[in-house]
Amino acid sequence: MARPNDEVAAVLQEYADLLAITGGDAFKSRAYEKAARALAGHPADVSRMDAKALRAVPNVGASIAEKVVAYFRDGSVPELDQARKSVPAGVRELVAIPALGPKKAMTLYQDLGISSVDELAGAIRSERLRGLKGFGPKTEENLLHGIALLRQSGQRVPLGTAMAVAEEVVAALTEVPGCERCAYAGSLRRMRETIGDVDVLVAADDSGPVMEAFTALPFVTEIVAHGAKKTSVRTTEGLQIDLRVLPADAWGAGMVYFTGSKAHNVHVRQIAVRDGLKLSEYGLFDTESGERVASATEEDVYARLGLPWIPPTLREDRGEVAAGLAGELPDVVTRDALRGDLHTHTDLTDGVATLEEMVLAASRLGYAYYAVTDHAPDLFMQRMTDAKMLAQRERVRELDGRHRRMRLLHGTELNIGPDGAVDWPPQFLAGFDLCVASVHSHFALSRDAQTRRLLRACENPYVNVIGHPTARRLGKRTGIDADLDAVFAACARTGTALEINGQPERLDLGDEEILRARQYGVRFAVDSDAHSTPGLDYVRYGVGTAQRGWLTADDVINTWPLRKLKRFLRKEGREETSG
DNA sequence: GCCGTTTTCGGCCCGACTGTTTTCAGTCG
């Protein structure tokens, strides 16, 4: 749905990057960035809007509206094509390295002719950066670290990027005559945080038309392999998509096989062997007679092995097979179980939608309650003030219950300072219905210092949720170094929830940490951290991540009825401090 | 380039931190 919006936003962002690298007007570059954000976050499909309608989108003026129209009409923007000629594509890749911005990238290119990440790595190794103005030993170290981080993520793409492509493929192939079923499988269906390639399955008697339609998709740039049963392509984003076509009666076995993981499949196959059976993507067969005993649905296949249907997000061989055999699989939390979202923004700070727009969109999701949590003043660029916050609260109270009786909570996203202090004193914090508190700065403190600041935040009687607890950015920044077990224990002790932030670049906490944290009896909040109305949908990735952490609805505070949630939000120790 | 207006150009998200420098540029949130 929002895909054309994201597409044109990426184009404008690229133009903004190129303007910054070539050292043009910084405000012009910023203007393109703002427009990109506004278009990505716009609820309506911008590819269907004319220039006049586009100009009505905030931060989109005549010039950018024209470029957007040109992009959807011609598939290109002349000014961007021009800019691309003056800066090699590899130079723009350089700014993806943490600690390396447009200025330094341009210096590297102009002075040393470096135009790719590999060339930069080589230049550092051969000490060619020595003596270059602005590049000291510490910078070299930081760049090497950044390059390592970038390479570690390799060719994998964020979950959200892969999902958008996969859903488009599934929608297109579902329309092909003869396609009986179509779905994505693989690590995407398991909701892993990054995706190497996308697996799509189709059930059809004749694979021809489906394969043809697949290779003809507009974003396909390369056909890697093309056969009757399997076709692989590469997309404009460099993502590989594998399509497998199966007979309809093998659908269940195929979905089991291609959803994986490999370790899960090995484990399940061992059980089959033990029972004198053989499992392949075409079905479960009796080893002796060769007769097919199950294949039509996943439930059939698992049932014949003495297993209940296992949610895809659990299929990692992390104990789910044993739990299934013992009848002890968790009843994992689902999106439908969410009654509200506890971390969202508006255009009062860095969101692109108004309070009214966000509230209306949230009510359409069927939420019973919804929290507005704009940034607090210590994130200086947001220019928050007490007066602005109080005025917003007044407006929130007016809107409370107006849309489908959805109840509104007025909150804030506090900043956890280096010493664990937050933006406002207790008296002011007491006026909020809930407070999320997050780390937005000082990522390089010592382990002890990081742990201390998080513990102090947990112990603050007004802090209800620790937002994106490790502050990691996938492929960009590892999480802060803290004794998370101490933090988990503190959360459990103080009645502070840990957030599972659904932003695809964050997914924080991640599944491994959730699995650990739940041992402490911690509660969690699955939030979108939305900065636009389409952004509210990010809870889907948060829910997927929560499932991967084996969480049930009871573990997640925003599945609870409002009354129970409000009790949780009144932390112990509040009365003494509230004065 | 966008916005808002004091209607035609001036201001635009501001401050901290890092690493480099020797007084500050670049990057980040």
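A, B, ... follow the sequence lines: proteins, then strands. Residue 1 opens every chain. Just so it is clear, the values below take in all heavy atoms, side chains as well, and ignore hydrogens, waters and symmetry mates.
Within the cation-pi definition used here (under 6.0 Å to the ring centroid, within 45° of the axis), A/Arg516 does not qualify as a partner of A/Phe488.
Within the nucleic acid shown, A/Ala62 comes within 4.0 Å of sugar-phosphate atoms alone, with no base atom in reach, counting heavy atoms only. Nucleic acid contact class of A/Phe443 (heavy atoms, under 4.0 Å, all strands): sugar-phosphate only.
Here A/Arg151 pairs with A/Asp118 in a salt bridge; the nearest charged N to carboxylate O distance falls below 4.0 Å. Salt bridge status for A/Glu141 with A/Lys138: present, with a side-chain N to carboxylate O gap under 4.0 Å.
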Quick tally for nucleotides 7-13 of chain B: nucleotides whose base has a protein heavy atom under 4.0 Å get B, sugar-phosphate-only ones S, the rest -, giving -----BB

Given protein heavy atoms under 4.0 Å, the one-letter contact record of nucleotides 16-26 of chain B, with B base, S sugar-phosphate only and - none, is simply SS-SSS----S

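Legend: residues meeting side-chain contact (heavy atoms from CB on, under 4.5 Å) with A/Pro58, ordered by chain and number and at least two apart, are absent. Residues passing the salt bridge (charged side-chain N to carboxylate O under 4.0 Å, His left out) test with A/Glu140 are A/Arg130, sequence neighbours excluded.
Aromatic ring pairs are classed by plane angle as parallel below 30°, tilted from 30° to 60° and perpendicular above 60°; the pair A/His440 and A/His375 is perpendicular. Relative orientation of the A/Tyr367 and A/Tyr370 rings is parallel, given thresholds of 30° and 60° on the angle between their planes.
Phosphate proximity of B/dG29 to A/Arg477: present, with a side-chain N or O under 4.0 Å from OP1 or OP2.
The distance between atom CZ of A/Arg55 and atom C1' of B/dC2, rounded to the nearest whole Å, is 13 Å. Atom CZ of A/Arg472 is separated from atom C1' of B/dC28 by 20 Å (rounded to the nearest Å). In this structure, the CD atom of A/Glu413 is 11 Å from the C1' atom of B/dG29, given to the nearest Å. B/dG15 atom P lies 15 Å from atom CG of A/Asp423, rounded to whole Å. Rounded to an integer number of Å, the gap from A/Glu33 CD to B/dC2 P is 14 Å. Following rounding to the nearest Å, A/Leu54 (CG) and B/dC2 (P) show an atom-to-atom distance of 11 Å.
Panel note: side chain A/Asp45, backbone A/Ser47; a donor-acceptor pair is recorded below 3.5 Å.
Among pairs with a residue in residues 486-502 of chain A, those fulfilling side chain to side chain donor-acceptor pair (under 3.5 Å) read A/His343-A/Glu499, A/Glu459-A/Arg493, A/Thr494-A/Thr496, A/Thr496-A/Lys571, A/Glu499-A/Asn501, A/Asn501-A/Asp529, at least two apart in sequence or across chains. Judged as a side chain to side chain donor-acceptor pair (under 3.5 Å), the pairs with a partner in residues 14-24 of chain A (not counting sequence neighbours) are, in order, A/Gln13-A/Asp17, A/Glu14-A/Arg84, A/Asp17-A/Arg92.
Comparing the C1' positions of B/dG19 and B/dT23 gives a spacing of 13 Å, expressed to the nearest Å. Annotation: B/dC13 and B/dT27 have their C1' atoms spaced 15 Å apart (nearest Å). Taking atom C1' on both nucleotides, B/dC17 is separated from B/dT21 by 15 Å, rounded to a whole Å. Comparing the same atom, P, in B/dT22 and in B/dC28 gives a spacing of 23 Å after rounding to whole Å. The separation of B/dT6 from B/dG11, taken at their P atoms, amounts to 15 Å, rounded to a whole angstrom. For the C1' atom pair drawn from B/dT20 and B/dC9, the interatomic distance equals 38 Å after rounding to whole Å. Separating the C1' atom of B/dG10 from that of B/dG15 is a span of 23 Å, rounded to the nearest Å. Across the C1' atoms, B/dT8 and B/dA16 are found 37 Å apart, a figure rounded to whole Å.
Glycosidic conformation, B/dT8: syn, with the torsion inside 90° of 0.
Pairing for B/dT8 is absent, with no Watson-Crick or G-U wobble pair whose two atom distances lie under 3.5 Å.
Of the two residues contacting DNA chain B, namely A/Lys67 and A/Leu379, the nearest-nucleotide position lying further toward the 5' end is that of A/Lys67.
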